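For reference, the structure discussed in these notes is given below.
Quantities reported herein were computed from a predicted structural model and do not represent experimental measurements. These numbers come from the heavy atoms of this one structure, side chains and all, not from hydrogens, waters or symmetry mates.
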Amino acid sequence: MFGNQIKIKLKREFFERKTLVVARELLGKYLIHRIGTKIISGMITETEAYHGFRDLASHASRGRTKRTEIMFGPAGHAYIYLIYGMYYCLNVVTEREEYPAAVLIRGVEIDQKSNLKNKNFKSKIKIDGPGKLTRHFQIDKNLNGIDVTASRELWIEDRGLRIPSRSIKRTPRIGIDYAGPYKDKKWRFILKP
DNA sequence: CAAGAGATCATCT
DNA sequence: GATGATCTCTTGA
């Protein structure tokens with residue numbers, strides 16, 4: 001049986017809000033990638049917000065280009081790009097059209113079942129880092145631009161978890177030392193273990 | 001443990 | 001031609 005677990009695909013309105021709110025509220029939601037009959041899923045534990053024209057850490061601060069176009073588009077679409085020649089990063093676009101913003105999904109926790117001598121063990125495994133995450137989820141450029149609120153391939157679910165604010169940590173974002181006054185903004189959200 | 005470097009390429013100058 | 005919203009491995013204290 002499937003039990004009575006709530007599973008609600010996040011709608012566009014969820015992503016049309018302020019980027020910092022979306023980044024905060026994505027913690028505890030479930031990222032799902034379906035490849036044929038195979039499902040890869042995990043609970044989101046770490047995000048970062050990139051928003052506005054001035055945020056020097058955001059690709060969009062360099063202007064509207066072919067690559068960043070998607071960040072200026074409607075909320076709920078995936079923004080996926082290649083970084084350092086070998087890793088993909090998965091973002092979801094937020095806020096209104098024409099305002100460039102997205103949330104980078106940096107970490108998830110997955111359930112892993114291992115079978116050892118006829119005994120089933122369930123364990124949680126953490127995947128830290130956007131590059132490792134996309135590698136695990138088998139996400140690449142082919143999914144760039146996809147509408148995560150309509151897709152049956154890639155989406156995000158609410159399974160009814162409420163995350164209290166005391167279990168959330170905020171820190172500056174990673175890998176953006178060049179971002180001047182924006183490098184110290186606490187726009188990274190982490191679900192404490 | 002911390003620090004440094006290499007991998008590797010789409011995107012922008 | 002330079003660089004980056006990263007990761008992994010190596011070196012050295």
Heavy-atom closest contact (A/Pro172 atom, A/Lys183 atom, distance): CB-O, 3.5 Å
Do A/Thr68 and A/Thr65 have a side chain donor and acceptor closer than 3.5 Å? yes
With pairs defined as Watson-Crick or G-U wobble and both distances under 3.5 angstrom, please note down DNA chain B as a dot-bracket string, | for pairing with another strand. |||||||.||||.
Using a heavy-atom cut-off of under 4.0 Å over every strand shown, decide if A/Arg62 touches base, sugar-phosphate, or nothing. nothing
Is it possible for you to check whether A/Arg54 lies under 6.0 Å from the centre of the six-membered ring of A/Tyr182, through NZ or CZ, and within 45° of that ring's axis? no
Output the residues of residues 80-88 of chain A in contact with DNA chain B, where contact means a heavy atom of the residue under 4.0 Å from an atom of the strand; sort by number or write none. A/Leu82, A/Tyr84, A/Gly85, A/Met86
Name the residue from A/Val103, A/Thr19, A/Thr171, A/Asp55 that meets the side chain to side chain contact (heavy atoms under 4.5 Å, CB included) definition with A/Trp187. A/Asp55
Name the nucleic acid region contacted by A/Arg173, choosing base, sugar-phosphate or nothing; use a 4.0 angstrom heavy-atom cut-off, strictly under. nothing
Contacts of A/Pro164 meeting side chain to side chain contact (heavy atoms under 4.5 Å, CB included) (sequence neighbours excluded), chain-then-number -> A/Arg166, A/Ser167
With no hydrogens and no angle check, do the side chains of A/Gln112 and A/Ser123 hold a donor and an acceptor under 3.5 Å apart? no
Shared hydrophobic cluster for A/Leu104 and A/Phe15 (ILVMFWY, side-chain gaps under 4.5 Å): no
Contact class for A/Arg188 vs. all strands (heavy atom < 4.0 Å): base, sugar-phosphate, or nothing? nothing
Exercise answer: donor-acceptor pairs, residues 76-89 of chain A side-chain atoms, under 3.5 Å, sequence neighbours excluded:
unit_1: A/His77; atom_1: ND1; unit_2: A/Gly145; atom_2: O; d: 2.9
unit_1: A/Tyr79; atom_1: OH; unit_2: A/His59; atom_2: ND1; d: 2.7

In whole Å, what is the span from the CG atom of A/Leu104 to the C1' atom of C/dC7? 14 Å
A/Val92 side chain reached by A/Leu10 side chain, heavy atoms, under 4.5 Å: no
State which residue, out of A/Lys169, A/Arg106, A/Lys126, fulfils the side chain to side chain contact (heavy atoms under 4.5 Å, CB included) condition with A/Glu46. A/Arg106
Could you tell me how far apart A/Arg67 (CZ) and C/dG4 (P) are, to the nearest whole angstrom? 11 Å
Answer with base, sugar-phosphate or nothing: what part of the nucleic acid does A/Ile174 contact at a heavy-atom distance below 4.0 Å? sugar-phosphate
With a strict under 4.0 Å distance from non-hydrogen atoms of chain A, what nucleotide opens and what nucleotide closes the contacted stretch of DNA chain B, reading 5' to 3'? B/dA7 to B/dC12
Can you run down the salt bridge (Lys or Arg N to Asp or Glu O under 4.0 Å) pairs that involve residues 10-35 of chain A, sequence neighbours left out, and say none if there aren't any? A/Arg12-A/Asp147, A/Arg17-A/Glu25
Give the rounded distance in Å between these two atoms: NZ of A/Lys132 and C1' of C/dT8. 9 Å
A/Asp55 CG to C/dG4 P, straight-line distance once rounded to whole Å: 15 Å
